[in-house]
Amino acid sequence: MHHSPDQGIIDNIMEYQFRDIERKWQERWKDQGTYRVTNDPGRPKCYVLDMFPYPSGAGLHVGHPLGYIASDIYSRYKRLKGFNVLHPMGYDSFGLPAEQYAIEHGIPPAVSTENNIRNFRAQLDRIGFCYDWSREVRTSDASYYRWTQWIFLELFGSWFDRQAGKARRIAELTAIFEQEGNASYVCPGDRTLRFSAAEWISFDARRREDILMDYRLAYCGYGEVNWCEALGTVLANDEVVNGVSERGGHPVVRKKLRQWYLRITEYADRLLEGLQTVEFSESMKEMQSNWIGKSYGAEIDFKLKGGDAHIRVYTTRPDTIFGVDFLVIAPEHPLVPHLITDSHRTTAEAYLEYVNSRSERERMAEKKISGAFTGSHCLHPFTGQPIPVWISEYVLAGYGTGAIMAVPCGDERDHKFAQHFGLPVTNIIGSYYDGTEANPTKDAVLQHSDFLDGMVMRDAMAVVLDRLEAEGCGKRHVNYKMRDAAFSRQRYWGEPFPIVWKDGIAVPLPADQLPVELPPLDELHPGPGGEGPLANLPDWKHYEGGVREVNTMPGYAGSSWYFLRYMDPGNDAEFCSRAASDYWGQVDIYVGGTEHAVGHLLYSRMWTKVLFDLGHIGFDEPFRRLVNQGKIGGDSRIAYRIRGTHQFVSAGLKDAYETDEIHVDVSMVDGVVLDTEAFRNWRPDLLDATFLLEDGVYRCGNRLEKMSKRYHNVVNPDEVVERYGADTFRMYEMFLGPVEQDKPWDTKGIEGVHRFLKKLWRMFMHEERGLIVSQESPTDAEWKALYKMIRKIEEDTERFSFNTSVSQFMIGLNELYDLKCQKISILEQFLIVLSPYAPHMCEELWQATGHSGSILDQPWPAVEERYLVETSKAYPVAVNGRTRMEMTISLQATQAEVEAIVLADPSVQKWLEGKTPKKVVYVPNRMINIVV
RNA sequence: GCCCCGGUGGUGGAAUCGGUAGACACGCAGGACUUAAAAUCCUGUUCGCCGCAACGCGAGUGCGGGUUCGACCCCCGCCCGGGGCACCA
């Protein structure tokens with residue numbers, strides 16, 4: 001079986017006993033504070049950060065540590081390179097699951113969270129990470145969320161000056177209002193609001209506060225939520241299925257509730273521009289800029305036929321204005337009630353009711369076309385032609401103006417809508433439109449387009465915009481897809497707001513009254529009217545003649561700034577001292593999953609910009625470089641039960657039967673071969689299972705799926721570490737493939753990495769004779785093997801290509817092994833470069849070979865180039881691009897010399913078959929190609 | 001529907017700038033050591049063909065075209081898989 005220390009074979013201490021070694025060094029590193037980091041302005045810094053986890057009750061599976069191992073290796077590497085490395089870890093410990101768990105099991109969130117963190121920590125510790133745990137942060141600790149609340153107040157106390165392009169204090173805004181009113185500073189919450197200085201001074205306190213609220217970066221407004229009356233609570237989009245709550249199946253409707261928001265839209269341009277200054281993958285930048293969704297177009301007013309009102313649409317294609325066949329407005333559009341005529345009331349209102357029962361997500365996923373005619377018409381701004389106005393859920397109230405001009409010949413959805421309802425389609429693009437499918441081209445020459453006739457569409461754009469503006473029926477407009485971020489939750493387990501409502505005014509608490517602590521609460525019932533559970537605590541709620549805000553902040557509040565707190569975690573006078581943030585600065589490398597591509601990254605980028613604008617920190621992008629680790633998938637094993645029986649048929653034979661699939665726990669399978677005994681004992685209903693074997697064994701099918709309990713394909717890192725050791729586990733996770741790539745977990749391949757470590761051990765240690773390293777001077781060949789390896793490891797580690805660096809270690813060791821090299825001056829350098837990957841073993845061998853001090857603080861070896869100089873190369877020689885042979889030629893050879901050497905070769909002559917070569921392509925140090 | 005990322009041996013993957021496709025491993029096959037096993041070591045391993053081997057030939061990086069002396073890599077058109085989404089006008 002596998003190596004076990006319990007056998008007590010004392011004379012085997014020279015064997016690689018990873019369990020003892022790893023335990024020993026983990027304790028020693030802890031005792032000696034090896035990973036403690038100080039803010040030392042005299043040394044170059046490097047800040048390596050993992051996205052901190054939500055401590056879920058399920059614990060870690062083998063996929064979680066992937067990014068942590070990568071960043072750990074990088075941190076250790078940078079330390080060897082002489083950097084002062086900040087590499088902290090903490091917990092994003094507020095969140096919905098703990099609250100749900102409390103409701104179901106009666107365990108307070110604070111307690112279950114504490115337990116989960118303890119488990120997480122134990123699991124992390126076994127893998128040997130170099131975190132400085134003295135800097136740990138937890139978003140649910142009052143000492144932490146005190147500063148989350150403080151930053152919220154900074155947001156609340158600021159507005160965005162569009163002229164300066166930055167946040168400023170509200171006090172400066174009121175000073176401006178007193179001087180000149182708001183003429184120069186458009187109100188972002190209400191574009192039409194205008195007042196003079198005199199008017200401002202005449203407003204009462206309530207009016208002034210309402211106006212200021214429309215400017216604040218953190219503000220209170222009204223927004224639609226998924227409201228479930230039966231549960232008395234608000235539901236997330238994914239808790240709503242087919243218009244009813246996932247839990248209980250109760251009806252869910254859209255309802256307006258008071259909500260806090262962050263005015264992130266004011267930062268849209270800065271968030272876009274900032275992308276050019278950071279190293280994120282192109283796809284990541286693209287996702288963010290798609291989310292921000294800046295577009296240039298026009299707002300155009302369509303007058304209502306027989307009324308004064310008009311419908312304002314937003315379009316990015318004003319050049320298609322003469323192709324408008326109908327207008328579509330969102331069901332929530334405020335004009336809808338005025339537009340519905342009596343003759344169409346029944347169908348239109350039935351449609352509105354149907355839409356109201358659907359969550360936003362469902363409406364977005366809907367492929368069926370639906371809508372209703374209002375009975376009203378608008379007039380075309382240029383021709384005066386009447387245009388029917390329809391309602392449809394495919395137009396969203398929150399985007400643009402909530403109304404569109406439909407041009408079916410140029411827009412796919414408009415076209416489908418027109419076809420579905422039998423509406424006529426005007427063709428303004430001639431042969432570009434084939435009558436069956438819309439064509440969104442900008443290259444067509446316009447027809448049936450009045451004063452635009454004969455123009456190419458992309459040129460017509462400016463012409464029509466000028467005309468719209470001249471006639472006052474429209475104007476150029478820059479639009480953003482991004483909406484302000486909802487910042488309140490009707491929940492308990494989150495940061496309380498430091499806000500007290502008095503006479504309808506939100507009064508911020510002074511900073512010295514922070515934190516507003518989350519009060520203990522035994523039972524987590526929703527409060528009345530959709531408020532959170534905190535509303536059920538009258539003593540807490542009523543405060544200083546007002547009522548506290550009883551909603552709490554969302555999950556992303558604490559995670560938007562945690563990277564700053566690590567720099568100065570114990571500070572109870574500031575969120576982070578300026579000295580600390582000036583020293584550590586931006587996160588040099590940030591490692592985490594793509595699932596946070598838009599949410600978390602955009603929010604923390606915004607918070608950083610605000611803190612920068614207000615002078616609290618000296619940089620306005622938090623993360624200089626971002627690496628997204630891929631997900632590790634589970635490789636499920638599947639057994640096939642013949643339908644209606646207890647007989648299972650092996651994968652190769654299953655096609656002859658009608659079968660049902662059963663997910664088999666991966667621990668009962670060796671490769672794909674099922675341990676049928678273990679399977680029978682797995683569950684009572686399988687006790688009498690019988691098996692149809694092939695080649696004497698039962699083979700399972702396999703399928704790559706999400707690693708999850710319900711597929712029985714979860715592999716726990718603890719088990720792997722117990723069996724092979726942390727060093728093997730670390731290296732194997734890296735060896736699996738590129739960090740960024742999604743990949744399946746298969747424990748089988750781990751043997752190779754484990755053998756590598758054992759083989760390295762044996763380079764130092766003989767089973768009986770003990771240490772066998774020699775003091776002899778190495779040969780040139782040995783130096784060359786070593787330095788070739790070190791150079792490659794260095795390159796690969798810098799570019800986060802850890803799978804190739806692991807293979808390079810194997811290549812290097814194989815070469816030294818073939819050279820029978822046991823020389824200490826070679827091997828000690830090998831240990832240093834390997835130590836970021838396999839720290840426990842390297843530390844042990846470092847000590848065993850008589851070194852004092854930790855290997856973690858050695859300098860990274862300098863590659864001596866002279867051992868790597870090559871004088872000749874074995875060139876591939878190709879004839880017409882097909883490689884035919886290999887010839888060793890001096891690297892100094894000129895084109896003419898190479899031609900002469902190559903063409904004189906008899907086997908080259910054979911391939912030429914007497915023909916004269918047209919030319920010889922010679923790329924020095926690459927290849928030679930003879931073209932015939 | 002839209003956006004993004006992928007597709008290379010039996011498996012994970014390598015090829016960093018357009019230059020020897022399959023590094024390094026796993027697995028498998030054969031051998032050595034051993035009473036036996038474990039461990040370790042050695043050899044072979046993309047596919048097909050020439051009876052075996054050597055030598056050699058042909059095909060080959062999802063499919064079909066193209067550019068190039070030369071394409072896993074660049075371009076055009078498809079197919080398949082995975083992920084994301086706020087149907088973005």
Side-chain angles (χ1 to χ4, degrees), chain A residues 1-3 15 237 281-284 286-287 290-291 293 295 297 313-317 320 328 360-361 363-367 369 392-396 398-401 403-407 410-414 416 440 479-483 594-595 597-598 628 630-631 633 635 671 702 704 706 732 735-738 740-753 755-756 758-759 762 767 792 795-796 799 801 803-812 814 817 874-886 917-923 925-932:
Chain A
M1 250 318 273
H2 300 280
H3 180 99
E15 222 178 276
N237 273 331
S281 69
E282 284 310 310
S283 58
M284 180 66 45
E286 209 166 320
M287 271 192 252
N290 286 349
W291 184 273
S295 65
V313 304
Y314 173 70
T315 179
T316 53
R317 295 299 303 276
T320 62
V328 187
E360 199 177 355
R361 183 165 296 185
R363 284 176 52 178
M364 290 177 312
E366 184 58 68
K367 298 207 168 36
I369 291 150
S392 176
E393 62 177 350
Y394 84 89
V395 174
L396 302 178
Y399 181 76
T401 59
I404 64 159
M405 55 179 224
V407 182
D411 182 280
E412 195 53 43
R413 280 157 315 159
D414 296 349
K416 289 200 170 126
N479 194 58
Y480 299 92
K481 191 162 87 174
M482 183 166 66
R483 302 194 288 247
T594 35
E595 64 269 27
V598 278
N628 293 113
K631 279 186 277 295
D635 194 2
N702 73 307
L704 299 180
K706 212 173 82 153
Y732 183 57
F735 190 57
L736 228 39
E740 290 96 334
Q741 194 173 297
D742 289 353
K743 48 198 166 281
W745 175 269
D746 179 4
T747 308
K748 276 218 135 175
I750 201 171
E751 292 288 350
V753 170
R755 278 176 205 148
F756 160 79
K758 285 194 287 188
K759 187 169 179 175
R762 288 197 309 271
E767 269 186 56
K792 177 88 167 106
E795 279 170 20
D796 287 351
R799 66 188 177 101
S801 177
N803 56 327
T804 52
S805 54
V806 173
S807 28
Q808 195 57 42
F809 280 120
M810 292 172 170
I811 293 167
N814 289 344
Y817 180 87
Y875 280 97
V877 179
V879 178
N880 282 339
R882 181 92 205 166
T883 305
R884 294 300 180 184
M885 73 209 80
E886 206 169 71
K918 276 197 207 121
K919 70 171 166 179
V920 175
V921 180
Y922 165 54
V923 184
N925 208 17
R926 285 287 184 195
M927 45 61 71
I928 294 160
N929 188 18
I930 303 160
V931 187
V932 183

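Numbers restart at 1 for each chain; the letters A, B, ... are given by sequence-line order, proteins then strands.
- In this structure, of B:C24, B:U20, B:G19, it is B:U20 that holds the atom nearest to the side chain of A:T883.
- Taking the syn range as angles within 90° of 0, the glycosidic angle of B:G12 is outside it, so the base is anti.
- In this entry the distance linking NZ of A:K918 with P of B:C69 reads 9 Å, nearest Å.
- When all heavy atoms are compared, the tightest approach of A:A406 to A:V328 is CB-CG2, 4.3 Å.
- Side-chain polar atoms of A:N814 and A:K759 form a donor-acceptor pair below 3.5 angstrom.
- Nucleotides B:U11 and B:A59 have their P atoms positioned 24 Å apart, rounded to a whole Å.
- Using a 4.0 Å cut-off, no side-chain N or O of A:Q808 falls inside it from OP1 or OP2 of B:C24.
- For the pair A:D796 CG and B:G13 P, the interatomic distance rounds to 17 Å; values are reported in whole Å.
- When both pairing distances are held under 3.5 Å, B:C74 makes a Watson-Crick or G-U pair with B:G66.
- The side chain of A:S807 sits closest to B:C24 out of B:C24, B:U16, B:C69.
- Checked against B:A89, B:U16, B:G13, the side chain of A:V395 finds its nearest nucleotide in B:A89.
- Rounded to whole Å, the distance from CD1 on A:I750 to P on B:G12 is 17 Å.
- Within the 4.0 angstrom heavy-atom criterion, only backbone atoms of the sugar-phosphate kind lie near A:K743; the bases stay farther away.
- Using bins of under 30°, 30° to 60° and over 60° for the plane-to-plane angle, the ring pair A:F809/A:F756 lands in the tilted bin.
- When heavy atoms are screened at a 4.0 angstrom cut-off, A:Y480 is found touching no nucleic acid atom at all.
- Distance check: A:K792 NZ to A:T804 OG1 gives 4.5 Å after rounding to the nearest 0.5 Å.
- Here the separation of B:A71 from B:G65, taken at their P atoms, is 14 Å to the nearest Å.
- One P atom belongs to B:C72, the other to B:C88, and the distance between them is 37 Å to the nearest Å.
- Protein atom CG of A:L736 is 14 Å distant from nucleotide atom P of B:C26, rounded to whole Å.
- Rounded to the nearest 0.5 angstrom, A:N925 CG and A:Y875 OH are separated by 5.5 Å.
- Remark on RNA chain B: of its neighbouring residues A:N929 and A:E795, the 5'-side contact belongs to A:E795, judged by nearest-heavy-atom nucleotide.
- Taking a pair to require two hydrogen-bonding distances under 3.5 Å in either a Watson-Crick or a G-U wobble arrangement, B:C85 pairs with B:G1.
- Out of B:G27, B:C5, B:U16, the shortest distance to the side chain of A:E751 is found at B:G27.
- Contact annotation for A:A878: no contact, since no heavy-atom pair falls under 4.0 Å across all strands.
- Residues A:Q741 and A:L736 form no side-chain contact, since every pair of their non-hydrogen atoms from C-beta on lies 4.5 Å or further apart.
- Residue A:N814 is classed as a sugar-phosphate contact, given heavy-atom separations below 4.0 Å to backbone atoms only.
- Annotation: side chain of A:N628 is in contact with side chain of A:M284 (closest heavy-atom distance under 4.5 Å).
- Nearest to the side-chain atoms of A:M927 among the listed nucleotides B:C3, B:C24, B:G19 stands B:G19.
- Residue-level contact check: A:M482 touches the bases, meaning some heavy atom is under 4.0 Å from a base atom.
- Distance A:M287 CE to B:C88 C1': 18 Å, rounded to the nearest Å.
- Taking 4.0 angstrom as the limit, A:N479 places none of its side-chain polar atoms (N or O) nearer than this to OP1 or OP2 of B:C88.
- Partner assigned to B:C26 is B:G10, using Watson-Crick or G-U wobble distances below 3.5 angstrom.
- For the P atoms, the distance linking B:U45 with B:A54 amounts to 9 Å, nearest Å.
- Here B:C41 sits opposite B:G31 as a Watson-Crick or G-U wobble pair (both hydrogen-bonding atom distances under 3.5 Å).
- Of all nucleotides listed (B:A89, B:A25, B:C88), B:A25 comes nearest to the side chain of A:M810.
- The partner of B:C57 is B:G48, by the rule that a Watson-Crick or G-U pair needs both atom distances under 3.5 Å.
- For the pair A:K748 NZ and B:G10 C1', the interatomic distance rounds to 12 Å; values are reported in whole Å.
- Under the Watson-Crick or G-U wobble criterion, with both distances below 3.5 Å, B:A15 is left unpaired in every strand shown.
- At the heavy-atom level, A:E740 lies nowhere under 4.0 Å from the strands shown.
- Of the candidates B:U16, B:C24, B:A15, B:A15 carries the atom nearest the A:T804 side chain, counting heavy atoms from C-beta on.
- Listed nucleotides B:G12, B:C69, B:U20 differ in distance to A:K919; the shortest reach to its side chain belongs to B:C69.
- With rounding to the nearest 0.5 Å, the separation of OG1 in A:T320 from CE in A:M405 is 3.5 Å.
- One P atom belongs to B:G9, the other to B:G22, and the distance between them is 14 Å to the nearest Å.
- Note on A:K758: only backbone sugar-phosphate atoms sit closer than 4.0 angstrom, heavy atoms only; bases stay farther off.
- A:F809 comes within 4.0 angstrom of nothing in the nucleic acid, heavy atoms only.
- When the C1' atom is compared between B:A14 and B:C26, the two are found 15 Å apart, to the nearest whole Å.
- Comparing the C1' positions of B:C74 and B:U68 gives an interatomic distance of 10 Å, to the nearest angstrom.
- Counting non-hydrogen atoms under 4.0 angstrom, A:R755 reaches the backbone sugars and phosphates but no base.
- Base contact: A:F735 has a heavy atom under 4.0 Å from a base atom.
- Annotation: of the two residues near RNA chain B, A:D746 and A:N925, the 5′-most nearest-nucleotide partner is A:D746.
- The glycosidic torsion of B:C17 lies within 90° of 0, which places this base in the syn conformation.
- How far NZ of A:K758 is from CD of A:E751: 6.5 Å, rounded to the nearest 0.5 Å.
- Residue A:I811 is classed as a sugar-phosphate contact, given heavy-atom separations below 4.0 Å to backbone atoms only.
- Distance from the side chain of A:P738 is smallest for B:A14 among the nucleotides B:A89, B:A14, B:C3.
- The line from CE of A:M287 to CD of A:E282 is 11.5 Å long, rounded to the nearest 0.5 Å.
- As rounded to whole Å, 11 Å separates atom P of B:C5 from atom CG of A:N290.
- Atoms OH (A:Y314) and P (B:C88) sit 13 Å apart, rounded to a whole Å.
- Nearest nucleotide to the A:V931 side chain, out of B:G12, B:C69, B:C41: B:C69.
- Note on A:R413: a base of the nucleic acid sits closer than 4.0 angstrom, heavy atoms only.
- B:G62 and B:G81 have their C1' atoms separated by 10 Å, with the value rounded to a whole Å.
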